[in-house]
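Read the structure below first, then the notes.
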Amino acid sequence: MIPIDRYPKEITLRDNTLVTLRPMIAGDAESLWSFLRQLPEIDKAHFHEDVDRREVVERWAKALDYDAVLPILAMRGDCVSGSATLYRNRTGWKQRIGIVRILIAPDVRHLGLGTAMIREIRHLGEKLALNYLLAEVIEEQQAAVRALERMGFEKAAVYRNFVNDRKGHLHNLVVLLHPMSGLEKDRFF
Amino acid sequence: MSCPICGREHSSSPGRGRRTPAKEGTCPYKGVAYVELRAGHDQIYFGRWRRMDASSIDLRKAYRQLERLLREIAAALETEDIPAARMDLEKAFEALNTAGSGEEGPESLRYMDHALSYAHRVIGDLLHEKGLPPHSPADFAGWYDAGEVPFREDW
Ligand SMILES: [Zn+2]
C-alpha cells in the first residue's frame, strides 16, 4: 500500500508561506515544467532527458505509476515550489532501497522546505518498509548535503569527477544513505 | 515543567498555533506548539554543562533534564504515527544510556550531545506532522545566558 492518505498536507515555512504537499497528478505537467525550467542547471544534471522540453514532462505526467516513482509536489497555489521523488524497484535485489531526489525552487530556499521534504520521504520510506533511503547529490549542493546529514543520512561515498552536467563539466558525486527501522528486523534472516 | 525563562507553566498547544511575536515582558514560549518539549530542549541546549567551566553537578543536572525530555517526547509520540521519529527517539535513549554508563568526561558529553540532537529531530518531526516549521533554539537564544549560538542553516 502506498501511504498517500496523509495528503494533501499543509505546511508552514519559516517565513509563514503556506505550502501544500501532495502526490503529482496528470494535470500537473504544465506547473512542473515551469518549475523545472527555473531550476539552476546543476539541479537538473541527473535527468536522463531534457526536462526543459515540455513534451518530456507531459509524457511523465501521463505515465505516473506511484509504485515505481512517487513524486510529492510542494504547491504554492498553482505553482510547484519543490518536489521530492521516491524511486523504487518492485523486484530484484534493490527492492528494499528507495532512491530519493529532492528539488527546491530558488525563491523558497533556506526556509525549511527541503528539510520538510526529507521528513516526508523518511515517513514514506518507513511506511513502505524500505531498508535504506539513498540520495545522490552533486557535492556543490552543500545545503542539501548538510540537510540530509542533519536528518540522519550518512555519507557513504564521494566519487571524484564522477558525473557530468549537461554542459559536459565533471562534478563530485556524494552518495548518502539513511538506514530505516525495518533494517534492524531484517538483518538476521 | 515550569518555563526556563519566565517560570510559569505554559499550557501545551500542539495545534496549528503559530508563535506570537514576543511583546516586552511576555515569554517567547507562550502559545507555541509543544511548548514543554521546546523549552525543555532549549534549557538543556543552552545549559551550563556545555561550557568549559561546567562542574559535575551541571553535568548530572543536564543528564536528568535530558532523561525527562526524552520521556516527555515519548509520551507525545505515543499518539502519533511517525515511525522515523520513533527510531530517532530509540537512538536518543541509547545515546543517553551510553553517556550515563561510563565515567564523566568528553565521551559522556559527546553522547549527551547526540541524545539532544536526536531529541531535536524528533521534536521537528512532531512539529512537521502539525504542519509547523522545525524548532530553532537560535530564535530563543536572546532569553538565555547564551554565548555564541551556532548558526543553523536551513534548506
Ligand atoms: Zn515562559
Next item on the list: Check each atom of A/I104 against the heavy atoms of chain B and say whether the ones under 4.5 Å are side chain, backbone, both or neither.
Entry: side chain

Notebook entry, point to check: Are A/I121 and B/M87 connected, step by step, through hydrophobic side chains (Ile, Leu, Val, Met, Phe, Trp, Tyr) whose heavy atoms are closer than 4.5 Å?
Noted result: no

Notebook entry, point to check: Heavy-atom distance under 4.5 Å between the side chains of A/R150 and B/H120, does that happen here?
Noted result: no

Next item on the list: Starting at CZ of A/R14, measure out to CG of B/L132 and round the result to the nearest 0.5 Å.
Entry: 11.0 Å

Check: Of the backbone (N, CA, C, O) and the side chain (C-beta and beyond), which part of B/E90 lies under 4.5 Å from a heavy atom of chain A, both, or neither?
Finding: neither

Notebook entry, point to check: Counting only heavy atoms not in B/K91, do more than 12 fall under 6.0 Å of its NZ?
Noted result: yes

Item checked: Heavy-atom side-chain proximity of B/D81 to A/R6 below 4.5 angstrom -> no

Notebook entry, point to check: Got a sec: does the CG of A/D15 have more than 12 other heavy atoms crowding it under 6.0 Å?
Noted result: yes

Notebook entry, point to check: Can you name the nearest heavy-atom pair linking B/G131 to A/K9, along with the distance?
Noted result: N-NZ, 4.0 Å

Note to self: Would the distance check show the side chain of A/H110 and the main-chain N or O of B/W155 forming a donor-acceptor pair, the cut-off being under 3.5 Å?
What the structure shows: no

Note to self: Are A/Y7 and A/L86 linked, directly or through intermediate hydrophobic residues, by side-chain heavy-atom contacts shorter than 4.5 Å (ILVMFWY only)?
What the structure shows: yes

Item checked: Contacting moiety of A/M151, where chain B heavy atoms sit under 4.5 Å -> both

Note to self: Counting only non-hydrogen atoms closer than 4.5 Å, does A/I118 touch chain B with its backbone (N, CA, C, O), its side chain (CB onward), both, or neither?
What the structure shows: side chain

Notebook entry, point to check: Once you round to the nearest 0.5 Å, how far does OG1 of A/T12 lie from CG of B/L127?
Noted result: 10.5 Å

Item checked: chain A contacts, top residue of B/D88, B/I82, B/D125 (heavy-atom pairs, under 4.5 Å) -> B/D125

Margin query: Quick check: is B/Y111 connected to B/Y45 through a chain of hydrophobic side chains (ILVMFWY, heavy atoms under 4.5 Å apart)?
Written below: no

Check: Top residue by heavy-atom pair count (under 4.5 Å) with chain B, among A/A147, A/A143, A/G152, A/G125?
Finding: A/A143

Next item on the list: State yes or no: do A/V174 and A/L148 share one hydrophobic cluster built from I, L, V, M, F, W and Y residues joined by side-chain heavy-atom distances below 4.5 Å, directly or via other members?
Entry: yes

Item checked: For the student: nearest non-hydrogen atoms of B/A84 and A/E126, plus distance -> N-CG, 3.8 Å

Margin query: Is there a path of hydrophobic side-chain contacts, each under 4.5 Å between heavy atoms of I/L/V/M/F/W/Y residues, joining B/Y34 to B/M1?
Written below: no

Margin query: Quick one, A/E120 and B/H128 - any side-chain contact, counting heavy atoms below 4.5 Å?
Written below: yes

Note to self: Counting heavy-atom pairs under 4.5 Å with chain B, which one of A/R109, A/R146, A/H178, A/M117 comes out on top?
What the structure shows: A/R146

Item checked: A/Y66 OH: over 12 foreign heavy atoms closer than 6.0 Å -> yes

Next item on the list: Using a 4.5 Å cut-off on heavy atoms from C-beta on, say whether the side chain of B/P134 contacts that of A/R119.
Entry: yes

Notebook entry, point to check: Most heavy-atom pairs under 4.5 angstrom with chain B, which of A/V108, A/L111, A/L21, A/I102?
Noted result: A/I102

